[in-house]
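Remember, it's 1-based here, ligands and their atoms both numbered in the order they're listed. For the single chain, residues carry numbers from 1 onward in sequence order. Values in this document were obtained by computation on a predicted structure and should not be read as measured data.
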Amino acid sequence: MFKLSDRIEKLPPYLFAEIDRLKQEVKQKGIEIIDLGIGDPDIPTPKQIIEAAQKALENPANHQYPSYEGSFEFREAVALWYKDRFGVDLDPGSECLALIGSKEGIAHLPFAFVDKGDYTLVPDPGYPVYSTATMFAGGVVHKMPLLKENGFVPDLDVIDKSILNKTKIMFINYPNNPTSAIATKDFYNRVVELALKYGFLVASDNAYSEIYYDNYKPMSFLEIDGAKEVAIELHSFSKTFNMTGWRIGFAVGNKEGIYGLGKIKTNVDSGVFTALQQAGIYALNNYKVLNEPIRKIFQERKDQMSLALKKANFDFEEPLATFYFWVKVPDGYNSKDFAKKLLEEKGIVVTPGVGFGEYGEGYFRISITNPNIQKAVDAIKSL
Ligand code: MLT
């Protein structure tokens, strides 16, 4: 009876919702599932954060509407964390904004800056929300291919001037989902130059900054000279503190960017539950103690996965950050067929590369948010 809007009709199913649906089908057949699909940590949220939330829940003052942009204390904790972790100065009042998870911020951002026919620059493969959010706002997506030969970093020189002139937002995401690539300072400097020249906003999705390995430690885009003139950065508690279900994140950086996103949000949501913000403050104030044991677990899994994949002769680059392994699909398959067969016959969930965009074809993504690593690789190998 009800006709869906054209914008919804045009949309493919959300990648992870579709995988979830297939997973349920296979589960119902009695097949045991090992889920290496979505980057959703299986490890519980640290108990100190849960206790901080429990305490905050008991306070009736926290049961009322929260402040739209986040309490000043929350934004102050964000600013202090940025200073300590990245050496970046932020004004809590005008340069920090609480989000209901970074996905929410990404999804709303184009509404603030993109008019009909404006362009956004979006990495391909990339987090699907950059594109759908652009389409919802009536904008046009220009894909920036992430190719192995360029270290999965976009080639800025090939973007046409006519596109750059119409660009309102450029999305970048390092450490990268899905390829796990990292960006160089040189690349970031060039992004700042380009954004200043063409007057677009850079949205740096830094959700994976705290999931790093070996001797590598990711930086913030805002560490780059001039970055605050052109960029906001989005962060999430999800990956850093195993808090995917809690839905809390934040955006920081350029005042106008934060103002625009905040203005959209005041009209569509009522802010982050105050008790959650207080748990978030606890997490940020104690991030070193809380994050280290989490990173240790992922470091062990990363090493184990690298070894298992190498032994099984898979083609991949060892990640320095993120939960993800970006692995070449074996000969004779495309990424969707491979992932489907793996799920149906072996109960292993991986994400087909093409789900992140056409340039993801030929790859599949493994997420190490599951401890059954050797068993999973043996099953993948035996397909
Ligand atoms: C992913 O697996 O790509 C992400 O976890 C999805 C998300 O953060 O929404």
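Closest heavy-atom contact between S180 and T322: CB-OG1, 3.2 Å.
If you check the side chains of E229 and N254, you find no donor sitting under 3.5 Å from an acceptor. For the residue pair Q299/D214, the side-chain donor-acceptor check at 3.5 Å is satisfied.
The ring-ring contact (aromatic ring centres under 6.0 Å, His included) search around F338 returns Y333, F364, not counting sequence neighbours. Residues satisfying the ring-ring contact (aromatic ring centres under 6.0 Å, His included) test with F241, not counting sequence neighbours, are F237.
Ordered by chain and residue number, the residues placing a heavy atom less than 4.0 Å from ligand 1 are Y14, F16, I38, G39, Y127, N177, Y208, K239, Y324, R365.
Taking a 4.5 Å side-chain heavy-atom cut-off between Ile, Leu, Val, Met, Phe, Trp and Tyr, the cluster of Y216 extends to I182, Y212, L320.
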